[in-house]
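Step one of this worksheet: look at the structure below.
Just so you know, these numbers use all the heavy atoms, side chains as well, and skip hydrogens, waters and symmetry mates. As the structure is a prediction and not an experimental result, all values here were calculated from the model.
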Amino acid sequence: MKKVETHKGKRWNVAVTQEAIETKLTSGLSVHPIVSHLLANRGITTVEAGQTFLYSTMDDLLDPFTLKGMREAVEEIERVLASNGSIVIYGDYDVDGITATSLMYRFFSRLGANVSYYIPERQSEGYGLNLEALEYLIQEKTDLIISVDCGISSYDIVEAVRDRVSMIITDHHTAPPQVPRATAVVNHKQPDCPYEDKNLSGVGVAFKVCQALWKRRTGEEYGDDLDIVALGTVADVVPLVGENRIIVREGLRKMTESPNLGIQALIEVAGLTGKAISAGHIGFTLAPRLNAAGRVTHATRAVELLITDSSQEAMEIAEELQETNAERQQIERAIFEEAYQAVLAQGTLAEQCIVVAGEGWHPGVIGIVASRLVEAFYKPTMVISIHDGIGKGSCRSIDNCNIYDVLCSAKDVLIQFGGHSQAAGFSVKADQIDALRDLASAYCREHLVDTDYIPIVDIDGIVSSEDISIDLIDQIATLEPYGMGNSTPVFAIPEIAVQNLYPMGFQKNHCKIVLQGQQGPVDAVAWQGEHYMQEIFADDPVKVAFTLQKNEWQGTVRPQLIVQDMSPLEEQREQLTVEGLRKMYVLVKNVFRSPTAPKYIVEREALEGKPREMTPREVMLSLEVFKELGILQEEVIEDGRHVYRWMQVKQKLELHTSLTFMNYSQEGS
């Protein structure tokens, strides 16, 4: 249960304390009260459920044979193995598909099977099964095709070849009412599947097939390659609860202690050697490098990395993927800027949702661009790459908007589509993109309300600065691994004063903040937080939402806040008077008249109390007013400094946005 608080463009959903439940969990699980509170926030309300969440092991995984279609799949695989028939693993080019393909290939290789794999090329073949590829595999005398992470929406394609080749579909995407009539279909989301856990990734479903076949053959549980399974599970952003939590926790342990050769090489080139690998490392560092292969070149290179038995080859491929990822980042930045400007140009057309398209945009990065546009505008977003009159689109969504349902509402103008509630893909004729925008906007207009377009920050609990400690960080670490469905705990301090702010990073786009804690300074970092330098000043009381981490520096370990949201308290937002504006106008005018104006730069601390009776906040607000009136014109130069041009005298006054301001103590000021 949560209460909603509107907060300067963002909503804070603050979890309500469930005292009776939390007391019961603290006693029954022998855990810290904060852990009980966090468990209750995640819907864990009984001691039994808490024990399962905190202490479950591989022995607690569900029986793979309870998956609908599993027995038929195992029997068909056994038949083909017995005749030494050829098996092709048909995968997908994202990390989930790459890891699922690698897992299956390694598994069947262990069994001595005649196995190979096929992954479509993103640009020319697109997502999922395609008829031309299947026809090729049939011509190559393939006996069994096993799809991984795709195929559930390919009824017509499977129907075209089902009489000429045996096919097993393994997938985890939302199943349509009519699933393909393959030899077997294994998907926990297909109709009437009794499997209890509905959150498996594509590689998770592939792992269950390996489990089932291994158990049938040996009577033992299969637990190899869990680092590969964990890699794909985290990368696919499925909920890290239930079986996913068990698999990822065990896979991360293996990834840290004795990883797959390819993963080890990837860890080395990414600069993570010697670190305990976390789900965050996978999501933000390892997975993007694997993904780069499918986005820019071909995903088979990433599969080769994960299946090789040569350390030298693994390192060569890992270094190649490192370079490919850098190329991907450059392409992504260029397309994002073009797409961003297109959204601005659309104006009211982009009020309900964003639909942008570009001729020749690289289809391998449009999903990332869509995610960045959601961060920038917080609206359901579709980014479309047009080639030869056909648009291939990638979608990302916001809370309370199921993007798959949006696509369903526009199915009459789409060639094909598929995906999840928060991410999906589709293809559309270029001349139907405007119609798609209209239909998607109509759906959002009907199903969303104004507050759905306000970003949400989920707050697990309110704390004070004296609660923040290394011990607290260690206590909440028992909830790891974090991910969708079990997000990193977010706390909030409702009022604390700022001691100082500093810029961080090469481009000065991050912000280091020192807060005035009750027991001394508290360090905080706001990634992409350069805007705080314009909004918050020393001694301002603020409210701040944050996650916690350890900051290790020169042998010292201290708590560090990672800011999720921060703003001045309501009473601090406006402190501007007519007299204050007059004082600032006289001061700025005098400064610009001085022949030494560019030298009027001092560290920000010297600004406090100058000019007399004006606070730093009043100074910044005054400058903003002057900009609106056209008295000053603001520019940003290459080193990140803001330059204010006095429009009447055409001189420049340099004001460093983070550390430096005008020297109000100069004689005559």
Taking the six-membered ring for Trp, are Tyr443 and His447 parallel (under 30°), tilted (30 to 60°) or perpendicular (over 60°)?
parallel

Within the 3.5 Å criterion, strictly below it, is a donor on Asp458 or Asn13 matched to an acceptor on the partner's side chain?
yes

With the threshold set at 4.0 Å, does a side-chain nitrogen-carboxylate oxygen contact exist between Asp565 and Lys543?
no

In terms of ring plane angle, is the pair Phe546 and Phe491 parallel, tilted or perpendicular, where the classes change at 30° and 60°?
tilted

Does a salt bridge link Lys379 with Asp452, judged by any charged N lying under 4.0 Å from a carboxylate O?
no

Please check if atom NZ in Lys411 has more than 12 non-hydrogen atoms from other residues, nucleotides or ligands closer than 6.0 Å.
no

Please say whether more than 12 non-hydrogen atoms of neighbouring residues, nucleotides or ligands are located less than 6.0 Å from OH in Tyr340.
no

Is a side-chain donor-acceptor pair under 3.5 Å present for His172 with Asn187?
no

Identify whether the distance between the nearest side-chain nitrogen and carboxylate oxygen of Arg328 and Glu332 falls below 4.0 Å.
yes

Side-chain H-bond candidate by donor/acceptor type, Thr488 with Thr547, under 3.5 Å
no

Can you tell if the side chain of Leu439 reaches within under 4.5 Å of the side chain of Val413, non-hydrogen atoms only?
yes

Spacing of Leu373 atom CG and Ser371 atom OG [to the nearest 0.5 Å]
9.0 Å

With distance as the sole criterion, is a donor-acceptor pair present between the side chains of Arg396 and Thr381 under 3.5 Å?
no

Evaluate the side-chain proximity of Val47 to Gln51: yes if any heavy-atom separation is below 4.5 Å, no if none is.
yes

Between Cys408 and Phe417, is any pair of side-chain heavy atoms under 4.5 Å apart?
yes

Test item: side-chain donor near acceptor, Asp438 and Ser441, under 3.5 Å:
no

Greater than 12 external heavy atoms within 6.0 Å of Gln341's CD:
yes

As an exercise, state the distance from CD1 of Ile368 to CZ of Phe336, rounded to the nearest 0.5 Å.
12.5 Å

Keeping the roles fixed (side chain from Ser465, backbone from Gln518), state whether a donor-acceptor pair exists under 3.5 Å.
yes

Can we call the ring centroids of Tyr453 and Phe377 under 6.0 Å apart?
no

Counting only N and O atoms by type, is there a donor-acceptor contact under 3.5 Å from the side chain of Asp96 to the main-chain atoms of Gly202?
yes

Reported OG-to-CG distance for the pair Ser421 and Asp405, which is rounded to 0.5 angstrom
8.5 Å

Tell me if a side-chain donor or acceptor on Glu22 pairs with a main-chain N or O of Thr17 at a distance below 3.5 Å.
no

Worked verdict on Asn41 versus Asp460 for side chain to side chain donor-acceptor pair (under 3.5 Å)
CA-CA 7 Å; Asn41 291 353; Asp460 279 288; 3.0 Å; yes

When rounded to the nearest 0.5 angstrom, what distance separates OG1 in Thr478 from CZ in Phe53?
8.5 Å

Between Val237 and Met484, the two heavy atoms sitting closest are O-SD, 2.9 Å

Under 3.5 Å, is there a donor-acceptor pair between the Asp539 and Gln516 side chains?
yes

Quick one, Thr285 and Leu272 - any side-chain contact, counting heavy atoms below 4.5 Å?
yes

Is there a side-chain contact between Leu290 and Leu231, using heavy atoms and a 4.5 Å cut-off?
yes

Roughly how far, to the nearest 0.5 Å, is OG of Ser36 from CD of Gln475?
10.0 Å

